[in-house]
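Below is one structure, written out as structure tokens; the observations come after it.
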There are 2 protein chains.
Amino acid sequence: MTPRFVRLDDGVLGRLREELGEGGLITAGDPLDRYSRDETEGLSFPPAAVALPSTAEQVARVLRLTHEAGVPVTPRGGGTGLSGGALAVHGGLVLSLERLDRIRAIDSHDMVVEAEAGVATGELHEAVEAQGLFYPPDPSSLASCHLGGNLAEDAAGPRSLRYGTTRQWVLGLEAVLPDGRPLRTGGRNRKDAAGYNLTQLLVGSEGTLAVITAAVLRLLPLPGATMSLLMPFGELESAAGAVEELCRTGDSLAACELVERRGIHAVAGIAPVPSALLEQEAVLFLELHGSHDEELLEAAARLAEVAERWGGAEVQAAQDAAEQRRLWAIRRQVGEALMAGSAYREADAVVPRSQLANLVRAARRVAAAHGLEVVCFGHAGDGNLHIDLLQGALPEERWRVAREAAQEELLDEVLSLGGSITGEHGVGWTLRGAFARTCPPEKLSLMRGVKELFDPRGLLNPGKIFTQEGA
Amino acid sequence: MTPRFVRLDDGVLGRLREELGEGGLITAGDPLDRYSRDETEGLSFPPAAVALPSTAEQVARVLRLTHEAGVPVTPRGGGTGLSGGALAVHGGLVLSLERLDRIRAIDSHDMVVEAEAGVATGELHEAVEAQGLFYPPDPSSLASCHLGGNLAEDAAGPRSLRYGTTRQWVLGLEAVLPDGRPLRTGGRNRKDAAGYNLTQLLVGSEGTLAVITAAVLRLLPLPGATMSLLMPFGELESAAGAVEELCRTGDSLAACELVERRGIHAVAGIAPVPSALLEQEAVLFLELHGSHDEELLEAAARLAEVAERWGGAEVQAAQDAAEQRRLWAIRRQVGEALMAGSAYREADAVVPRSQLANLVRAARRVAAAHGLEVVCFGHAGDGNLHIDLLQGALPEERWRVAREAAQEELLDEVLSLGGSITGEHGVGWTLRGAFARTCPPEKLSLMRGVKELFDPRGLLNPGKIFTQEGA
């Protein structure tokens, strides 16, 4: 499957312009620039052009055109990806879904929302919450990431501890196959056992099988009560060790996140952070959901006891909505703040929850062996930590060599703990080598077979997930 | 893809016997008989032989043998399926997983259980509950159905209203491909974004892609409090209409099931049923989960108000565990009791929840048009009703004609309500025609492609899901 790509020539561009109108196609100059990057450190791949369709039908017509012409197409959502998944690494056309930004229906009877791929996740939250409904997935980038990207990557976030990842909320998809044929999977039914579950196959397929244009998502009633807890620890390993027991303590826990000292300090560089927090080696951020405040207060007391047993300092509780938002804003800004402070290489390691403290130890050992600084933060309750190796004051060349070697060693450590090389960021472009190296051949060959089935010409998001023969 | 199957000859039988031992292969006489049927009305397909491997390695060796020989293989769990999925419709070998019945590990640190395919679902419940843990999926046949069958069919049950179907609890699978190569997907990680999600593709694939030998399942802490409610209604349509509002009322609701009069009466024929229940046209069975009894009492009061608004009679609550079990035993026995009373044809219709009352009306209309009696019962909260057309006193030939015509019409009504032809029983053998007729061609062709990818010789569970060209 060595793709031979055709350049996006003036003929195809003309037909695209005809289809999309003058404002629907970007072909040169500054605006192209922002479509050359996502939030993955150090990558830039300028596409030949960017298509901005406004409807699913336009998406289908664009794909028919590019398929006929043999031009590679890279679908793109909010551009917040962390594995280079939305970058046109083989050139060609970037297909941005940003103009498919309608919430088509919020149905409180069926308790579903139908929304297009370009809706920002945070907007979706606000819209359904205004009707007393609740959509759980909450990636840290929720203000700017899009539903389509969330679906493509099976995005998660703090609340996936209790509610699972994006895939658990999808009932149906509206998508377009690489050759422009529409494909609908599922619908508004809460259950559906008719044939293979193509919905679940498309979710998490990183835009390599089809372009998702809209989805039907299942909703919950908004929780009656929420509470947030801040648990400071004098040692990172104690914080990581406490996580497992906290997660076993009652069923109110919706999120259990960890940030180590350096992460908190980084946030303090870009936003106000209470000074008491800056003195801690590690902090756990917990969110509790339930019907009543009293129920959560009681759960909080039990959780505080666990923290104390693990050597934690005094727990702070927030019940006021504004106060909870302030607290979680600190957690949400860690990634961004670290990126602002230094060049970095982020691993998205996931291990069985009981291995969390071992993962933290492995991260420190590997970083130290290569003279690198390291920060761990993220979705501790799910065993999923973002491990940022930082350049700090290291000269460029040493940094380059050290980060590659350290990342490879770290991924091996993760696998030896029974983990996976990516918990939520996806393989994308950055991990395709690691994936090829670590995925058992029978699995890899089935996955390649699935790709070939949906996209026999290899035109949709080429270069992602799989290494290419001859490339 | 017209499969040409080879008969199971003495040579292959001899090699299987060598592999499995004398007690591991059934080739003639009475015991074969029970492997000719599952719980689908009126079907019997005697296999040439039944293999009873005890380990995943033996499963792999059996499949290598049958694959070399070109013999069709039908995997089988507890034999409780309702779409003929475990029947050897093209003869050959039945591969029973019943001896793979070990719970390999219950890990309260990772909060997972690793269990083999032949473990009965009810046993799994008991084992994890003894350790304060909770596995939500609860198909009505849980005393006799097996985990492997639950995974193959993506089984659900009353509690899927709150907790989702089996697929939401699976972290990893141990499986064997049709040619005998082992395949492992996922693991103990709560998240995993490395490549296409083969776990989710295999769950619900009805034993047509690979033979699942074991799974890692995610667990929850056992709920702190449970309560069950019985809501009687003087009219079936009011009961169906109330469901939607009940499901919006708070987040304690774990199950919301409906049984109409005839279903309750059928149970009374085989087990004790409180006489007050026999006077109702329809009954809703609700289960509430939470941290405390008080919380549930309050939720129950809110739910009772909803029922009253919809014209329900007085609600009965059960908090005592034994009392709750007795109540749910009535609900669980409906299917079985109906089967015992009359020949029947069961549809497993699912519609968006707001269409539930319309579904009930459609069922009555279609049944009346064909002079058939009908009973609706099942997972109302999920919009999933089992609609049993009953032969009653109808002569055989009229029954045969009427049930086929009525079923076809009913499925069309379901689709016109935005529903699906099966909510949880799967396509199997019985719905392959309806599936071929109603599945859009681009979807069907992708699904056939997936089948071909995993099972190019078409030897694994042939005749299921898809109609066969030339067959």
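None of these values were measured; they are calculated from a predicted model. What you see below is based on every heavy atom in this structure, not just the backbone, and it leaves out hydrogens, waters and symmetry mates. Every chain is numbered from 1, with letters handed out A, B, ... down the list of sequences.
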Salt bridge (charged side-chain N to carboxylate O under 4.0 Å, His left out) partners of B/R162, counting only residues at least two apart: none
Ring centre gap for B/F466 and A/Y196 strictly below 6.0 Å: yes
Residue list, salt bridge (charged side-chain N to carboxylate O under 4.0 Å, His left out) with A/D348, at least two apart or on another chain: none
Residue among B/T185, B/N197, B/I465 with most heavy-atom pairs under 4.5 Å to chain A: B/N197
Region of B/T165 that comes under 4.5 Å of a non-hydrogen atom in chain A: side chain
Pair B/D382-B/S160, side-chain hydrogen bond (donor to acceptor under 3.5 Å, both in side chains): steps then yes or no: CA-CA 8 Å; B/D382 275 334; B/S160 75; 2.5 Å; yes
Pairs of heavy atoms under 4.5 Å with chain B: top-ranked of A/E245, A/H425, A/H109: A/H109
Side chain proximity check, B/R190 to A/N384, heavy atoms < 4.5 angstrom: no
Closest approach of A/L417 to A/N358 (non-hydrogen atoms, all atoms of both residues): CD2-CB, 3.8 Å
Part of B/H289 lying under 4.5 Å from any heavy atom of chain A: neither
Close contacts, residues 172-181 of chain B versus chain A, judged by heavy atoms under 4.5 Å: B/L177, B/R181
Pick from A/G426, A/G195, A/G187 with the largest number of heavy-atom pairs that fall under 4.5 Å of chain B: A/G195
Carboxylate-amine/guanidinium proximity below 4.0 Å for A/R448 and A/E452: no
Chain B interface, residue from A/K191, A/Q355, A/R184 that has the most non-hydrogen pairs under 4.5 Å: A/K191
Criterion side-chain hydrogen bond (donor to acceptor under 3.5 Å, both in side chains) on B/E424 and B/H379, from CA distance to verdict: CA-CA 10 Å; B/E424 56 176 19; B/H379 316 305; 2.9 Å; yes
Heavy-atom contact with chain A under 4.5 Å, split by part of B/L453: both
Residue part contacting chain A, namely of B/E298, when any heavy atom lies under 4.5 Å: side chain
Check: B/Q200/A/R167 side-chain N/O donor and acceptor closer than 3.5 Å: no
Within residues 430-443 of chain B, residues adjacent to chain A where the heavy-atom gap is under 4.5 Å: B/F435, B/E442, B/K443
Chain A contact via B/L446 - side chain, backbone, both or neither, heavy atoms under 4.5 Å: both
Chain B interface, residue from A/E206, A/E295, A/R188 that has the most non-hydrogen pairs under 4.5 Å: A/E295
Main-chain N/O of A/V216 paired to A/W169 side chain as donor or acceptor, under 3.5 Å: no
Among B/L161, B/L219, B/D107, residue most engaged with chain A (heavy-atom pairs, under 4.5 Å): B/L161
Minimum heavy-atom distance B/A357-B/G241, with the two atoms named: CB-N, 4.3 Å
Closest-packed option against chain B by number of heavy-atom pairs under 4.5 Å, given A/L183, A/D154, A/L202, A/L201: A/L183
Heavy-atom pairs under 4.5 Å with chain B, option from A/G204, A/G186, A/G383, A/S205 with the top count: A/S205
Side chain / backbone / both / neither for B/D110 at chain A, heavy atoms under 4.5 Å: both
